Amino acid sequence: MRTELFDLTITNPPRTWRPGQLVEIETGRILRDHAGDYPAPGSEVMRLPLPRLSRLRARASALATTRAFFVERGFLEVETPLLVPSPGLEIHLDAIAAADGYLITSPEYQMKRLLAGGCEKIFQICKCFRANERGAHHAREFTMIEWYRAYADLDAIVTDTQQLVHAVCGDHARVGDREIDVRPPWQRLTVRDAMARWANVQVDGSEPAADLVRAVREAGIAVDDGAAWDDAFFAAFLARVEPELAALDHAVILEDWPAPLAALARRKEHDAKTALRFEAYVGGIELANAFDELTDPDEQRARFVEDQRVRAERGRAVYPLDEKLLAALVEGLPPSAGIALGFDRLVMLATGAPSIDQVLTFSTGEL
Amino acid sequence: MYDTSDIRKGLKVLMDGNPYTVIEFQFVKPGKGAAFTRTKFKNLLTGAVVERNIRSGEKLEPANVETRDMQFLYKEGNDLVFMDQSNYEQVTISKDLIGSAHDLMKDNLPCTVVFFNERPVDVTLPTFVFLEVTASEPGVKGDTTGNVTKPATVETGATVAVPLFIKVGETIKIDTRTHEYVERVNKQ
């Protein structure tokens with residue numbers, strides 16, 4: 001097969017041709033037409049186009065900046081296994097089975113064991129895997145930056161996050177043609193304030209699901225009968241809050257999540273309805289999720305068992321408890337805060353790429 | 001049955017007894033919330049567009065919908081006869097299904113016919129057809145200010161508004177969606 005890069009003239013181009021489609025020179029036939037995908041390296045008929053090449057360079061540069069960022073701040077880089085017996089037990093994540101275990105959905109369990117074992121500042125840049133996730137911001141295999149600070153609280157993680165994004169993106173992140181101000185410090189907003197202001201829904205956290213469903217409906221937002229608490233919450237959040245966050249021209253820290261959405265976060269000492277958790281939003285992209293880590297082994301076990309019960313009830317795979325993590329909590333996890341930040345999304349923000357496929361070296365559709 | 005990972009543009013599904021085709025979809029997954037696919041469907045019978053959130057794990061019923069490339073053969077009263085060139089099977093379709101473009105159809109025109117439960121429900125014509133002008137009054141000189149047109153009859157019998165310079169025997173390009181003249185075409 002001939003390879004031509006310049007002065008490419010196709011005598012009989014298909015009428016529907018769009019840039020990004022891979023076209024066979026001899027026949028003008030479209031070889032690949034996958035929305036969001038670009039011709040991949042190693043294809044027989046076309047060299048890597050310049051926009052694709054520049055995004056690979058941006059990715060490498062972001063990776064180097066991230067490593068230097070943490071090393072300068074005295075963090076230890078760690079590499080925990082990707083293949084584990086017990087993946088994350090979150091209700092809404094499905095792991096990919098491999099060999100006699102699962103691929104990690106996040107490296108947090110093993111990283112917390114390192115904290116219990118005496119590491120104080122650790123970071124990791126690794127691949128994570130989540131079944132059935134594919135979209136403009138999702139790929140089933142993606143890269144996560146995860147870091148933890150022992151003896152520190154969420155404010156230290158907020159500072160790290162702002163500085164890291166600023167170091168990688170500069171003063172402004174790019175979302176398509178828009179510029180989003182990421183200069184620290186970022187606006188901080190509580191979840192309850194955001195829900196009250198934009199969705200007109202008062203969220204407490206201790207109300208029964210049926211009450212929240214009613215409140216969401218009164219605000220004019222559709223939600224199924226008998227919806228679970230979290231489904232009612234996200235119906236309102238996605239319909240009214242996320243579009244407003246996306247429209248902001250600056251980054252925002254969304255904090256103080258209601259207790260039912262605590263996941264692995266500790267609750268506030270004098271406010272059990274509120275979890276010490278934040279998410280970072282930049283131009284509508286949900287970039288990172290942080291916890292002041294739950295250190296109580298009994299509460300952690302109870303939450304895991306509850307997650308297992310809900311998963312079984314909803315017909316999803318039930319993963320075994322990570323007893324070694326629970327044992328580490330019994331031995332003692334120091335008060336710690338940690339965060340998971342989507343590296344591919346960070347590269348999207350640095351380049352303005354509209355889809356995660358365009359910042360991956362190869363997307364799923366290209367394999 | 002399809003699940004959310006099968007959703008793609010053009011997927012044909014049955015909802016409340018009606019056939020729909022997916023025209024747009026977006027995967028949504030809040031960090032700690034349930035994943036779903038925000039999907040826009042077009043009703044294949046009425047053309048109405050609806051949006052629905054399909055949750056991961058939810059099933060969609062495939063619609064018995066088939067799309068076939070067929071050739072227009074001839075008119076028979078209010079009906080049009082099409083043929084599938086792969087097996088020479090002939091199908092008769094009412095003019096109403098095609099709409100106003102039916103009088104732009106010349107013999108052998110390639111079309112796409114959508115079948116639901118083996119019944120034709122939609123016909124898609126090529127966006128443009130090329131037809132010869134068979135009758136038109138000559139344009140009046142001097143009357144050329146603005147967008148002046150005159151009626152012209154083409155070989156299929158349809159009447160189309162054309163610019164004054166178009167003469168009998170010339171071939172013109174017509175948009176089948178709007179029934180409008182696009183340009184004059186030089187015979188090869």
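Nothing here was measured: the structure is a model prediction, and the numbers come from that model. Protein chains get the first letters and strands the later ones, always in sequence-line order, with residue 1 at the start of each.
With a threshold of 4.5 angstrom between heavy atoms, B:Arg38 approaches chain A through side-chain atoms but not through N, CA, C or O. Heavy atoms closer than 4.5 Å to chain A are found in the side chain of B:Phe36, but not in its backbone. In this structure, chain B has no heavy atom under 4.5 Å from any part of A:Glu242.
Considering CG of B:Asn53 and CG of A:Asp231, their distance stands at 11.0 Å, rounded to 0.5 Å. In this structure, the separation between NZ on B:Lys29 and CD on A:Glu286 is 8.0 Å, given to the nearest 0.5 Å. To the nearest 0.5 Å, the span separating CZ on B:Arg55 from NE2 on A:His92 amounts to 8.0 Å. A distance of 12.0 Å separates OG in B:Ser56 from CZ in A:Arg314, rounded to the nearest 0.5 Å.
By the neighbour-count criterion of 12 heavy atoms within 6.0 Å, atom NZ of B:Lys150 is densely surrounded, having more than that number from other residues, nucleotides or ligands. Counting heavy-atom neighbours within 6.0 Å of B:Lys173 NZ, excluding the residue itself, gives a total above 12. Remark: B:Glu118 CD is loosely packed, at most 12 non-hydrogen atoms of other residues, nucleotides or ligands lying under 6.0 Å away. In the displayed structure, B:Glu51 atom CD is contacted under 6.0 Å by more than 12 heavy atoms of other residues, nucleotides or ligands. Counting heavy-atom neighbours within 6.0 Å of B:Glu24 CD, excluding the residue itself, gives a total of 12 or less. Within 6.0 Å of NZ on B:Lys42 lie no more than 12 heavy atoms contributed by other residues, nucleotides or ligands. Other residues, nucleotides and ligands place no more than 12 heavy atoms under 6.0 Å from the CZ atom of A:Arg140.
Annotation: side chain of A:Phe234 is not in contact with side chain of B:Val28 (no heavy-atom distance under 4.5 Å).
The heavy-atom pair separating B:Lys32 from A:Ala263 by the smallest distance is CD-CB, 4.2 Å. Of all non-hydrogen atoms in A:Asn132 and B:Phe27, the two that sit nearest each other are O-CE1, 3.6 Å.
Ranked by heavy-atom pairs under 4.5 Å with chain B, the first of A:Glu133, A:His138, A:Glu279, A:His137 is A:His138. Comparing B:Pro30, B:Gly57, B:Ala35, B:Gly31 by heavy-atom pairs within less than 4.5 Å of chain A, the highest count is held by B:Pro30. For the set A:Leu93, A:Leu261, A:Leu238, the count of heavy-atom pairs under 4.5 angstrom toward chain B peaks at A:Leu238.
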